[in-house]
Amino acid sequence: MTKNKKAVVVGAGIGGLTMALYLHRAGYNVQIYESVKTIKELGVGINLLPHSVRILWDLGLQEALDQSAIRTKELVYYNKFGQLIWQEARGIDAGYHWPQYSLHRGRLQGILLNEVKQVIGEDCIHTGMHLSHVEQHNKKVQASFIDRSNEQQLEVVECDFLIGADGIHSAMRKQLYPQNDKPIYGGRILWRGMTKAKPFLSGRTMIMAGNIDEKFVAYPITAPDHSGYCDINWIAELSVTEAPDRNEWNRLANISDFAHTFQDWTFDWLDVPSLISGAEYIYEFPLVDKEPLPKWSFNRVTLLGDAAHPMYPIGSNGASQAILDAEALYVSLIENQSIEEALVDYEQQRIHKTASIVRSNRQHGPEIVMQMVHERAPQGFERLEDVITYAELEEISNRYKQIAGFHKEKLNQVGMKVSQ
């Protein structure tokens with residue numbers, strides 16, 4: 001079925017590169033078209049949950065990830081006074097067969113890009129190619145690409161099917177849904193940075209502190225160097241009523257816009273003001289997502305990752321869900337007789353699951369426990385059990401793992417089946 005069939009992936013991000021590796025494994029001639037002229041290792045820290053790490057290990061990336069990432073040991077929630085709310089082990093330390101990784105987003109993209117070049121070949125990557133429009137005729141897809149800087153047409157590419165993995169501002173999605181599909185502002189802004197600092201708590205801990213209106217997240221993304229310092233990725237988040245009129249994800253921020261809110265957040269185990277002031281660069285991100293779509297696949301065209309289901313960065317799920325999309329589409333292509341059937345099968349497997357995560361993240365996902373404690377004890381507490389029960393905390397954590405697809409027992413069983 002796959003011999004001599006050509007697949008085009010639009011977008012060389014995490015989802016697109018993972019998809020390309022799987023398409024090559026399935027026997028397709030895969031070509032990747034990326035809008036930017038030079039792919040650089042940009043961005044800030046991300047987390048990969050065990051269900052997506054299983055997939056990356058399957059693609060042979062365990063060694064590269066272990067060299068570049070931290071195996072997250074635990075996730076801990078605090079209130080804004082630094083009082084412990086909830087603590088749980090993560091990844092291998094929680095009994096999963098795979099770790100949770102914390103690493104620089106650009107480094108992950110670089111690992112995947114290098115693997116694509118090694119396994120498929122550098123000539124499969126075409127940069128400076130922005131998707132203009134797509135047409136379908138006689139079981140073929142024709143994709144037109146332009147130079148985004150001057151709108152000049154560069155190339156018309158014919159293929160057997162096309163996957164739009166070109167992010168939240170997807171050109172493919174815009175063609176499929178030209179009306180009423182702008183990003184929806186969630187009422188909060190995230191300021192993100194990286195700071196060289198001493199490790200805190202276990203040295204492999206991810207912390208979240210605060211509540212819905214003011215929150216701080218921090219976790220290491222590199223091992224300590226010879227002087228004992230590592231790269232700490234951090235996120236400061238505040239409620240901001242008016243939506244910013246911006247579409248730029250990597251906008252450099254002004255520290256005076258937010259740092260004053262966290263000036264007293266100095267805990268025994270973490271100095272938040274020092275982390276903020278110690279960052280060389282700080283980027284500003286409006287919290288946005290989009291409404292879940294009713295359909296991703298249109299004959300021989302489909303969507304993947306943020307192009308299909310942009311979601312709030314809550315629960316460490318964005319990159320992981322794009323990776324899960326890639327594996328699901330790979331399996332569907334193998335198990336179905338036609339490309340059209342495979343794309344529909346992939347959509348049916350993933351569209352409702354990801355829509356549930358989008359909606360859950362709008363309700364703050366597992367982080368809702370911080371808000372619950374804040375509402376019940378805004379000035380802090382003497383005994384946590386007087387504010388919230390262990391059963392409540394555990395139920396919220398487990399429910400989100402079910403929604404997001406990384407419930408430990410179920411995921412470990414999947415791994416056992418795959419290995420047999």
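Applying the side chain to side chain donor-acceptor pair (under 3.5 Å) criterion to R192, with sequence neighbours excluded, gives no partner residue. Here R148 pairs with nothing under the salt bridge (Lys or Arg N to Asp or Glu O under 4.0 Å) rule; sequence neighbours left out. Listed by chain and residue number, E88 satisfy the side chain to side chain donor-acceptor pair (under 3.5 Å) test with W86 (two or more places apart in sequence, or in another chain). In this structure Y346 satisfies the ring-ring contact (aromatic ring centres under 6.0 Å, His included) test together with W296, sequence neighbours excluded.
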Exercise for review: Check step by step if side chain to side chain donor-acceptor pair (under 3.5 Å) holds for S320 and S52.
Suggested key: CA-CA 5 Å; S320 290; S52 64; 2.9 Å; yes
Review point. When you look at H104 and E41, which way does the side chain to side chain donor-acceptor pair (under 3.5 Å) test go after all the steps?
Key: CA-CA 9 Å; H104 191 282; E41 294 190 4; 5.8 Å; no
Point to revise | Intermediate values then yes/no, side chain to side chain donor-acceptor pair (under 3.5 Å), H374 and D213 | key: CA-CA 10 Å; H374 172 70; D213 295 323; 5.6 Å; no
**Study point:** Verdict with reasoning, E291 to R362, per salt bridge (Lys or Arg N to Asp or Glu O under 4.0 Å)
**Key:** CA-CA 11 Å; E291 286 294 336; R362 288 177 178 176; 3.3 Å; yes
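L333 places a side-chain heavy atom less than 4.5 Å from the side chain of F161.
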Side chains of residues 111-119: which donor-acceptor pairs under 3.5 Å do they make with residues two or more places apart or in other chains?
none

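In this structure, CE in M194 is found 12.0 Å from SG in C230, a value given to the nearest 0.5 Å. We find the OG1-CG distance between T72 and L48 to be 9.0 Å, quoted to the nearest 0.5 Å.
Looking at every heavy atom in both residues, L343 comes nearest to R300 through CD1-C, 3.6 Å.
Contact check on K73 versus D93 returns no salt bridge, with no Lys/Arg side-chain nitrogen under 4.0 Å from an Asp/Glu carboxylate oxygen. Between K37 and D147, at least one side-chain nitrogen of the basic residue sits less than 4.0 Å from a carboxylate oxygen of the acidic one, meeting the salt-bridge criterion. Note on K174 versus D181: no salt bridge recorded, every NZ/NE/NH1/NH2 to OD/OE distance being 4.0 Å or above.
Within a 6.0 Å radius of CD in E63, other residues, nucleotides and ligands contribute 12 heavy atoms or fewer. Remark: K198 NZ is packed, more than 12 non-hydrogen atoms of other residues, nucleotides or ligands lying under 6.0 Å away. Summarising the local packing, OH of Y229 is surrounded by 12 or fewer heavy atoms from other residues, nucleotides or ligands at distances under 6.0 Å. The number of heavy-atom neighbours closer than 6.0 Å to NZ of K182, taken from other residues, nucleotides and ligands shown, is 12 or below.
Classification of the F258-W191 ring pair by plane angle, with boundaries at 30° and 60°, yields parallel. Aromatic ring pairs are classed by plane angle as parallel below 30°, tilted from 30° to 60° and perpendicular above 60°; the pair F285 and Y283 is perpendicular. Classified by interplanar angle (parallel below 30°, tilted 30° to 60°, perpendicular above 60°), the ring pair F200/W269 is tilted.
Within the structure, every pair that satisfies the side chain to side chain donor-acceptor pair (under 3.5 Å) test and touches residues 11-24, not counting sequence neighbours, is listed here: Y22-D58.
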